[in-house]
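Protein chains get the first letters and strands the later ones, always in sequence-line order, with residue 1 at the start of each.
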Amino acid sequence: MRLTRKISARLSAHRRSRFAGPAVLLVALLTTGGLYVALSPASAEKTADSTSEIAKGKALFLVGCASCHGKNGEGILTERGNQYGPSLAGVGAAAVDFQVGTGRMPMAQPGSQALRKRVVYTQDEIDALGAFVASLAPGPSVPAADEYEAKTDDPEAVSRGGEFFRTNCTACHNFAGSGGALPQGKFAPSLVGVSEKHLFEAMLTGPQQMPVFSNEVLSPQDKQDIISYLKKNEDTPSYGGFTLGSIGPVAEGMFAWLTLAVVVGAGIWITSQTARSKKTKKGDVA
Amino acid sequence: MSATASTNGTSPAARKKANPAGAVATWADERLGLATATKKQIRKVFPDHWSFMLGEIALWSFVVLLLTGVFLTLWFKPSMGEVVYNGSYDQLRGIEMSEAYASTLHISFDVRGGLLMRQMHHWAAMLFIAAMLVHLMRVFLTGAFRKPRELNWLIGGLLLLLGILEGFAGYSLPDDLLSGTGLRIADGLVKATPVLGSYMSFFMFGGEFPGDVIIPRLYIAHVLLIPGLLIALIGAHMLLLVFHKHTQWPGPGRTEQNVVGYPMMPVYAAKAGGFFFIVFGVIALMGGLMTINPVWRFGPYNPAEVTAGSQPDWYMGIAEGLLRIMPGWETHIFGITISWNVFLPGQIAPIALLGVVLAYPFIEQWVTGDKREHHLLQRPRNAPTRTAFLAAMISLYGLLWAAGGNDIIATTFKLNLNHITYFMRAAIFVIPPLVFILAKRWCISLQRHDNDVLLHGYETGIIMRDAEGGYSERHLPISEDRAYTLTARQRDVVYTGANGTDANGVSAPKARLDRLRAKASHAWFADNVQKPTAEKLEEGHHHAELEHDHQAPLEGHAADGHQFDGHHDVDGETLRH
Ligand code: HEM
């Protein structure tokens with residue numbers, strides 16, 4: 001346990017080095033080429049079903065996504081050299097399922113961060129888009145239900161997941177998964193209520209500022225444990241009363257001062273009470 | 001006024017027929033002599049004003065802290081020895097943690113009423129320090145720290161410091177992720193001491209951080225050392241209070257020589273006792289309804305982990321804020337690194353702040369040269385510089401506190417974290433001076449307003465139309481009582497320096513100090529508005545009477561303004577049209 005924790009901590013520290021992106025890209029390109037050579041005869045056997053799925057995805061892509069990501073998902077650069085939309089080669093169906101399934105894509109307007117919105121595609125269409133993007137270059141595929149389903153009844157999975165969560169995720173997402181701030185207006189969103197599949201896919205694909213937790217870093221089992229932990233927390237009542245947002249001591253401080261104001265109010269009231277006993281006594285005599 | 005007792009009751013307490021309790025009391029009194037000792041104190045008079053209750057909030061929350069704290073000691077295990085948790089909180093079962101953390105979980109989930117007690121303890125701590133701070137502000141604003149109460153001001157300042165340290169020690173005890181992060185920062189602060197830092201840190205933690213002695217050490221400090229000091233100082237604070245007698249607001253019948261209010265028994269005791277139950281009740285409600293420090297969600301401390309939303313309790317917020325906005329300055333000389341980025345905000349700033357707080361009465365005394373005793377309070381507006389200084393300090397405090405929660409502000413208000421930091425860096429230098437100027441001007445205009453009221457009466461809100469068709473608002477003289485209260489203050493004297501300076505044998509450094517004093521006195525008092533002189537007041541009254549006479553010959557009864565403000569009965573009055 002100690003060892004895995006250390007390793008994962010070290011890996012997560014290196015994952016976002018400046019060269020990680022280009023290196024991953026290079027590796028991806030090489031493997032794609034190699035795989036193509038090795039596997040093309042076999043893939044010819046793929047069912048007509050999947051080819052039509054890709055064609056359907058491509059059609060959808062051309063309408064909804066190509067304006068930013070390019071006709072073949074190759075990415076588009078703005079005049080100033082920024083990414084209008086990044087290349088989607090190698091991001092895999094999992095990334096599409098996550099991005100489109102949480103409403104982040106199609107992005108409404110370029111901003112500091114693609115936000116969760118209302119989902120505009122049906123699950124079938126999302127699958128087709130995923131198939132098309134996956135056909136560009138191999139990437140992580142959408143996980144199967146038994147990979148990501150939370151096992152809240154398995155106490156070991158839950159407590160192990162808690163360890164992984166605290167080591168890998170709390171730094172950005174906060175101890176209760178309430179979310180947290182990142183530099184330059186970016187933020188890690190709340191994880192409360194996010195579906196099990198999307199939790200898994202987020203770790204697998206690392207949207208935007210979030211690091212990629214590939215299966216070598218956090219095994220599918222580890223990911224599932226994290227999901228079990230988070231879902232278990234959602235099922236657990238708040239033992240201490242109102243949570244005050246579960247954002248830590250800042251909220252508690254605000255409430256302490258509010259309460260002090262209430263107590264001061266009580267003090268004002270108590271000092272404004274005159275000594276009735278005396279008055280009634282006077283009345284008695286009269 | 002009728003209900004206040006400036007003298008004691010007229011008839012002595014008569015002995016009733018013997019009852020068992022009385023017999024016990026007599027038995028005890030014959031041996032301890034308590035009755036004679038307390039007789040005088042029981043008749044002690046306490047003036048009534050809500051602002052005098054602020055210290056009491058602190059006192060009563062301290063009592064709650066003692067009660068709940070003792071409860072917690074029955075189960076808390078101050079040990080950093082590793083155990084595997086086996087209690088009833090599922091999410092952490094089977095995890096290795098320190099005994100301190102495990103016992104805190106045990107208190108929270110397996111001791112009846114334990115979580116309530118923990119939460120009450122923590123809420124009471126937050127309230128305790130907040131109440132002390134507000135109490136300190138009251139004393140500051142009203143000039144209650146002036147002679148002969150300087151010592152009690154010092155004691156109060158120490159109480160606040162000790163309260164904060166006590167709170168920090170308590171926050172560290174459960175050994176959860178936030179505790180450990182806080183201790184890590186404390187470790188960094190200590191290590192930032194030039195040259196000695198790392199030795200001090202090793203001494204404190206008994207080796208490399210976190211070591212295994214810090215929790216037991218903090219525990220002794222938290223349940224024995226600091227509470228002992230607190231109790232002793234609170235005792236001294238109260239004794240001095242009784243010895244000096246309470247300050248009071250000026251008013252008719254209230255002088256520097258007397259105290260007007262309720263005697264300790266029974267009225268004041270009933271109020272104070274009742275107030276204890278209010279404070280206790282509010283803290284109990286908070287403990288029962290609002291989560292505080294949910295340690296089970298943080299997990300045990302592990303140096304490799306951090307969490308978003310890592311903040312100290314509010315009273316350490318300004319230290320956190322200073323650390324967060326400080327640019328990363330460091331100097332390297334002779335192989336030594338001086339971390340200004342931690343040393344300045346972490347050590348110099350708090351010590352400077354404490355120094356200013358403790359020294360303030362003496363600084364002001366030096367400037368005014370006022371060595372008289374003061375038992376009557378000043379209204380904040382009548383000490384504009386002092387009031388404005390506090391206002392500026394409050395704004396600085398607020399800004400730093402906000403800077404300490406910059407990430408929370410960023411997510412709550414969807415702002416850019418970096419922009420908040422840049423803003424704060426400038427704001428702490430720009431906003432407090434602005435607040436100072438604003439508050440000072442505000443005080444001075446309130447002083448002017450007081451003078452207006454004294455000279456021309458209060459505004460009745462009644463608009464009169466005169467024969468020429470002009471409109472004017474009627475002013476009516478204020479009551480004698482109010483006029484007395486408004487004028488019951490001393491004139492400020494601006495010190496202009498020992499004239500002649502050097503020539504008169506004042507040595508050079510002294511002369512320089514003297515000039516500084518004169519300058520300070522000028523800055524302090526020159527702009528203040530002084531109360532009107534007796535002649536001016538006379539003149540004002542005369543003027544009002546003239547006006548009244550002027551209208552008297554007209555038939556009927558002039559509207560004097562009181563017809564509408566409820567000052568006197570108007571039934572059956574015929575008004576002139
Ligand atoms: C000025 C007075 C005090 C302050 C400001 C204070 C503050 C605190 C704080 C903030 C905590 C952390 C509580 C938490 O877990 O959320 C704590 C814990 C604790 N305090 Fe105090 N405290 C005070 C007095 C006392 C006294 C007088 C005792 C006992 C004689 C005591 C015993 C304890 C114990 C045993 C704990 C650890 C248990 C736990 O964290 O659940 N405290 N204190």
Margin query: Per the ring pair (Phe, Tyr, Trp, His ring centres under 6.0 Å) rule, what does the pair list look like for residues 175-204 of chain A, sequence neighbours excluded?
Written below: A/Phe175-B/Phe298
Margin query: Strictly below 4.0 Å, N to O, side chains only: are A/Lys232 and A/Asp235 in salt-bridge contact?
Written below: no
Notebook entry, point to check: Can you tell me how far the CE atom of A/Met203 sits from the CE atom of A/Met210, to the nearest 0.5 Å?
Noted result: 7.0 Å
Next item on the list: Can you tell which part of B/Tyr85 gets under 4.5 Å to a heavy atom of chain A, answering side chain, backbone, both or neither?
Entry: neither
Notebook entry, point to check: Just by distance, with hydrogens left out, do A/Asn233 and B/Gln91 show a side-chain donor and acceptor under 3.5 Å apart?
Noted result: yes
Note to self: Please classify the contact of B/Tyr89 with chain A as side chain, backbone, both or neither, using a heavy-atom distance under 4.5 Å.
What the structure shows: side chain
Check: Within a radius of less than 6.0 Å around CZ of A/Phe255, do more than 12 heavy atoms belonging to other residues, nucleotides or ligands occur?
Finding: no
Note to self: Looking at chain A, which one of B/Ala130, B/Gly299, B/Ala410 has the largest number of heavy-atom pairs inside 4.5 Å, strictly under?
What the structure shows: B/Ala130
Checklist line | Contact winner vs chain A - B/Met126, B/Gln311, B/Met53, heavy-atom pairs under 4.5 Å | finding: B/Gln311
Notebook entry, point to check: Can you say whether A/Ile268 sits under 4.5 Å from chain B via the side chain, the backbone, both, or neither, judging by heavy atoms?
Noted result: both
Check: Quick one: what part of B/Met290 sits under 4.5 Å from any heavy atom of chain A, side chain, backbone, both or neither?
Finding: both
Item checked: chain B contact via A/Ser246 - which portion, at a heavy-atom distance below 4.5 Å -> side chain
Item checked: Segment of B/Ile409 engaging chain A (4.5 angstrom heavy-atom cut-off) -> neither
Check: Which region of A/Thr152, side chain (C-beta onward) or backbone (N, CA, C, O), has a non-hydrogen atom less than 4.5 Å from a non-hydrogen atom of chain B, or is it both or neither?
Finding: neither
Note to self: Is B/Val306 close to chain A through its backbone or its side chain, or both, or neither, when contacts mean heavy atoms under 4.5 Å?
What the structure shows: both
Checklist line | Flag if over 12 foreign heavy atoms under 6.0 Å of CD, A/Gln221 | finding: yes
Checklist line | Side-chain H-bond candidate by donor/acceptor type, B/Ser179 with B/Asp176, under 3.5 Å | finding: yes
Notebook entry, point to check: Among A/Leu182, A/Thr259, A/Val158, which residue forms the greatest number of heavy-atom pairs with chain B at distances under 4.5 Å?
Noted result: A/Thr259
